[in-house]
Asks: 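Provided herewith is a single structure, encoded as structure tokens, for subsequent inquiry.
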Amino acid sequence: MSDTTYSYPSTPPPQETPAPPPTPATPLSSTTSIEKFTFTERQGDLFTDAPPTDALAHCVSQDLRMGKGIAYIFKKKYEGLNELKAQQCKVGQVAYLQRDNRYIFYLITKYYVYDKPDRKEFETSLVELRRLCEQLGVRGLSVPRIGTGLDGLSLSYVKSAINEAFEGSNIKVTMFYL
Ligand SMILES: Nc1ncnc2c1ncn2[C@@H]1O[C@H](COP(=O)(O)OP(=O)(O)OC[C@H]2O[C@H](OP(=O)(O)O)[C@H](O)[C@@H]2O)[C@@H](O)[C@H]1O
């Protein structure tokens, strides 16, 4: 008896779905840096220890008296009273000067020199400060313990208000203290 070999078309094995090509990893180039908001406290003199390219900010009254405290030092060091007055800033707004290749910000946190700022106006001026920093391309901002001396705000409140106002920005804020 002859062997008859039947050949059947081989049933192709079930097609495996070809694995998708590996997703190329996002190239982390050395230039990929997403700057984030940081808040740092540093002991030192704002005027001598802050990075020279950092903008500076402090609190003043709408009447721009700057009669004492650190405001007085700013007035003596940067002058510009007429430039500031010409901006006609009101409480909650921020006037500024350009000096030595940096911005100097004046947060208007109260009406008169003898007033004390209220929190809402203080916070409004911080939000305006951030807006101005972003508009002017400021990436580094150095401040004293704003509002905590003559203006009588608590340090913990001021720090939380700064963090609240700047969270989500790409600005590095440094708070100097003596
Ligand atoms: N070189 C330096 N480096 C680093 N930190 C320094 C410093 N020099 C001083 N400090 C500290 O910086 C904090 C706040 O210093 P301040 O008490 O002056 O400011 P403030 O923001 O509470 O109040 C503003 C109102 O006071 C003013 O005078 P008026 O009465 O209003 O005329 C204005 O006009 C405003 O309205 C205190 O811890 C100081 O030790």
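Counting convention: from 1, in listed order, for ligands and their atoms alike. Values below: every heavy atom of this structure, side chains too, minus hydrogens, waters and symmetry copies.
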Asks: Hey, is Arg145 one of the residues with a heavy atom under 4.0 angstrom from ligand 1?
Replies: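 Within the 4.0 Å threshold, so yes.
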Asks: Return the residue, atom name and 0.1 Å-rounded distance of the protein heavy atom closest to atom 17 (O) of ligand 1.
Replies: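 Looking at atom 17 (O) of ligand 1, the protein heavy atom closest to it is Leu150 N, 2.7 Å.
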Asks: Based purely on interatomic distance, does Leu46 place a nitrogen or oxygen under 3.5 Å from a nitrogen or oxygen of ligand 1?
Replies: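 Leu46 vs ligand 1: N/O contact under 3.5 Å present.
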Asks: Heavy-atom distance to atom 35 (C) of ligand 1: which of Gly149, Ala71, Cys59 wins?
Replies: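 Checking each option, the heavy atom nearest atom 35 (C) of ligand 1 is found in Cys59.
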Asks: Can you check which of Ile70, Asp63, Val143, Val113 brings a heavy atom nearest to atom 10 (N) of ligand 1?
Replies: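 Heavy atom nearest to atom 10 (N) of ligand 1 belongs to Ile70.
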Asks: Run the numbers for me: atoms of ligand 1, each under 4.0 Å from some heavy atom of Thr148, listed by number.
Replies: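 Once the distances to Thr148 are compared, the set is 22 (O), 38 (O).
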Asks: Quick one: OG on Ser125 to OH on Tyr106, what's the gap to the nearest 0.5 Å?
Replies: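 Rounded to the nearest 0.5 Å, the OG-OH separation comes out at 15.0 Å.
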Asks: Report the C-alpha distance between Gln98 and Arg102 in whole Å, list the side-chain angles of each, state the deciding distance to 0.1 Å, and finish with yes or no for side chain to side chain donor-acceptor pair (under 3.5 Å).
Replies: CA-CA 6 Å; Gln98 266 190 284; Arg102 71 197 316 183; over 6 Å; no
Asks: Applying salt bridge (charged side-chain N to carboxylate O under 4.0 Å, His left out) as the test, list every pair that has at least one member in residues 112-122; sequence neighbours left out.
Replies: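 Found none.
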Asks: Look at the side chain of Arg130 and the backbone N and O of Ala165, then say whether any donor-acceptor pair between them is shorter than 3.5 Å.
Replies: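 Yes: the side chain of Arg130 pairs with the backbone of Ala165.
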Asks: Are any side-chain N or O atoms of Arg42 and backbone N or O atoms of Asp49, one a donor and one an acceptor, separated by less than 3.5 Å?
Replies: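 Here the side-chain-to-backbone pair exists.
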Asks: Which protein heavy atom lies closest to atom 1 (N) of ligand 1, and at what distance to 0.1 Å?
Replies: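 Closest protein heavy atom to atom 1 (N) of ligand 1: Asp45 OD1, 3.1 Å.
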Asks: Provide, to 0.1 Å, the distance between atom 30 (O) of ligand 1 and the closest protein heavy atom, together with that atom's residue and name.
Replies: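 Here the closest protein heavy atom is Lys68 NZ, 3.2 Å.
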Asks: Taking non-hydrogen atoms only, is Phe47 closer than 4.0 angstrom to ligand 1 via side chain, backbone, both or neither?
Replies: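 For Phe47, only side-chain atoms sit under 4.0 Å from ligand 1.
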Asks: Whether the side chain of Gln87 engages the backbone of Glu83 through a donor-acceptor N/O pair (distance < 3.5 Å, no angle test) should be reported.
Replies: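 It does hold such a pair.
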Asks: Answer yes or no: is there an ion pair linking Glu79 with Arg99, defined by an N-O contact shorter than 4.0 Å?
Replies: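 Result for this pair is no, no salt bridge flagged.
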Asks: Is it true that Asp151 and Lys110 have a side-chain N and a carboxylate O under 4.0 angstrom from each other?
Replies: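 Counted as a salt bridge, because a side-chain N and a carboxylate O are separated by less than 4.0 Å.
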Asks: Please write down residue, atom name and distance for the protein heavy atom closest to atom 24 (C) of ligand 1.
Replies: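 Ranking protein heavy atoms by distance from atom 24 (C) of ligand 1, first comes Asp151 OD2, 3.4 Å.
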Asks: Given 3.5 Å as the limit, does a donor-acceptor pair link the side chain of Glu167 with the main chain of Glu164, or not?
Replies: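 No, Glu167 side chain to Glu164 backbone: no donor-acceptor pair under 3.5 Å.
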Asks: Output the list of atoms in ligand 1 that are nearer than 4.0 Å to some heavy atom of Gly69, sorted by atom number.
Replies: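 Taking each heavy atom of Gly69 in turn, ligand 1 has 18 (O) under 4.0 Å.
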Asks: What atoms in ligand 1 come closer than 4.0 Å to a heavy atom of Pro144?
Replies: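 Every atom of ligand 1 under 4.0 Å from some heavy atom of Pro144: 5 (N), 12 (O).
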Asks: Can you tell me if Tyr177 has over 12 outside heavy atoms packed within less than 6.0 Å of its OH?
Replies: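 Counting other residues, nucleotides and ligands, OH of Tyr177 exceeds 12 neighbours.
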Asks: Output yes when the distance from some N or O of ligand 1 to some N or O of Gly67 is under 3.5 Å, and no in every other case.
Replies: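 Indeed, backbone or side chain, Gly67 has an N or O that close.
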Asks: If you measure from each non-hydrogen atom of Lys110 to ligand 1, which part falls under 4.0 Å: side chain, backbone, both or neither?
Replies: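 Under 4.0 Å from ligand 1, Lys110 contributes side-chain atoms alone.
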Asks: With His58, which of Phe105, Tyr96, Phe74, Tyr78 fulfils ring pair (Phe, Tyr, Trp, His ring centres under 6.0 Å)?
Replies: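 Of the listed options, the one satisfying the test is Phe74.
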Asks: Can you list the ligand 1 atoms lying under 4.0 Å from a non-hydrogen atom of Ile146?
Replies: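 With Ile146 as reference, the close atoms of ligand 1 come out as 21 (O).
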Asks: Establish whether atom 39 (C) of ligand 1 and some protein heavy atom are separated by less than 4.0 angstrom.
Replies: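 No.
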Asks: In the protein, which heavy atom is nearest to atom 20 (P) of ligand 1, and how far is it?
Replies: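 Its nearest protein heavy-atom neighbour is Gly147 N, 3.6 Å.
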